Amino acid sequence: MTSATPASPRAATADDPAAVLDNAAWHSLVGPHAGFAIGGDLVRRYPEDVAPFVAVRTWDDPSVWDALRDLVGPGAEVGLSGYEGELPAGWEFLGGGEGVQLVETAVLQPRPFDEAIELDADDAAEMMAIVERNQPGPFRPRTHELGRYIGIRRGGRLVAMAGERLHPTGWTEISAVAVDADHRRQGLASRLVLDVAFHIQRRGDRAMMHAAATNTGAIAAYERLGFALRRVNRFAAVRTPA
């Protein structure tokens, strides 16, 4: 299933540099990730082997629904993020839920993690495997191309990972935080997140994260590190008309 995000985005301003986060996927695909973008002025998406996200510039234009269907195809499942209105005729509601967006605060103290190694295409199969074991969220064979990914190996096996995904101008999302069950409670996730945040800040961006609203344990852990809740976002799974 692909995900379309969200309604009526605002551009960043001096008064509100975080406004691009209202529609992070769109501002990634028209900004730093424009080279990955498939689509046009109303709807854009990542290649399916890179990320599942489909971004909508605004829901205020009625033609966005036709543009969305044309882009993903008939009878396709799509995740709509931030849209809470009635679906057009022929669109089928499949389910929904809530997610949270967290942003760094002054409390966050990023620092490098010397044991972490950078991951690349040669590690893609292992990255997919650790995601499959731990289910941190959507991850595709080429997701690692979206930013810097790092991991921890123990006994030659990749046992922990984190990296960068969405990249709206001025911000970078920390994502794919995964630690195998037999290596948890060692602080690996926290140290990886702080390393990723360190490199994000070093190039002049700020760090942000997303999590399912039901993942209260992870949210609490990120808040202890120095992230704060910015917004709660509803999402719905729908099927396009056949």
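Since the structure is predicted, the reported quantities are computational estimates derived from the model, not experimental observations.
Ring orientation note: the planes of Tyr46 and His33 are nearly perpendicular, at an angle over 60° on the 30°/60° scale.
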| task | Tell me, with the steps shown, if Arg142 and Asp49 meet salt bridge (Lys or Arg N to Asp or Glu O under 4.0 Å). | result | CA-CA 6 Å; Arg142 293 175 55 211; Asp49 60 349; 3.1 Å; yes
| task | Would you sort out whether Asp123 and Arg153 count as a salt bridge (Lys or Arg N to Asp or Glu O under 4.0 Å), showing the intermediate values? | result | CA-CA 11 Å; Asp123 305 294; Arg153 291 189 182 279; 2.8 Å; yes
| request: Evaluate the ring-ring contact (aromatic ring centres under 6.0 Å, His included) criterion for residues Phe53 and Phe36: first the C-alpha distance (whole Å), next the side-chain angles of each, then the deciding distance (0.1 Å), finally the verdict. | output: CA-CA 11 Å; Phe53 306 118; Phe36 291 100; over 10 Å; no
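In this structure a side-chain-to-backbone donor-acceptor pair under 3.5 Å is missing from Ser175 to Glu164.
At least one side-chain heavy atom of Pro74 sits under 4.5 Å from a side-chain heavy atom of Arg69. Residues Thr169 and Val20 have side chains not in contact (no heavy-atom distance under 4.5 Å, counting atoms from C-beta outward). Using a 4.5 Å heavy-atom cutoff, the side chains of Val177 and Met161 are not in contact. Looking only at side-chain heavy atoms (C-beta outward), Val107 and Phe227 stay at 4.5 Å or farther from each other.
A salt bridge links Asp180 to Arg157: at least one charged side-chain nitrogen sits closer than 4.0 Å to a carboxylate oxygen.
Of all non-hydrogen atoms in Tyr149 and Ala176, the two that sit nearest each other are CE2-CB, 3.9 Å. Looking at every heavy atom in both residues, Val43 comes nearest to Ala67 through CG2-CB, 3.8 Å. A pairwise comparison of heavy atoms in Val131 and Gly137 identifies CG1-O, 3.9 Å as the closest pair. Contact record, Pro110 with Ala197: CB-C, 3.8 Å, taken as the closest heavy-atom pair. A pairwise comparison of heavy atoms in Ala25 and Ala55 identifies C-CB, 3.7 Å as the closest pair. Shortest non-hydrogen contact noted between His144 and Phe139 is N-CZ, 4.2 Å.
The cationic atom of Arg44 (NZ for Lys, CZ for Arg) lies less than 6.0 Å from the six-membered ring centre of Trp26 and within 45° of the ring axis.
Evaluated for a side-chain contact (heavy atoms from CB on, under 4.5 Å) with Tyr222, the options Leu102, Val100, Asn215, Leu108 yield exactly one hit, Leu102. Only one option out of Gln101, Arg231, His27 pairs with Asp22 in a side chain to side chain donor-acceptor pair (under 3.5 Å); it is Arg231. The side chain to side chain donor-acceptor pair (under 3.5 Å) with Thr172 is formed by just one residue from the set Arg165, Arg206, Arg203; it is Arg203.
Atoms CZ and CD1, on Arg224 and Ile219 in that order, are 11.5 Å from each other to the nearest 0.5 Å.
No hydrogens or angles considered: a donor-acceptor pair under 3.5 Å links the side chains of His199 and Arg148. His210 and Asn233 are not linked by any side-chain donor-acceptor pair at a separation below 3.5 angstrom, with hydrogens and angles left out of the test.
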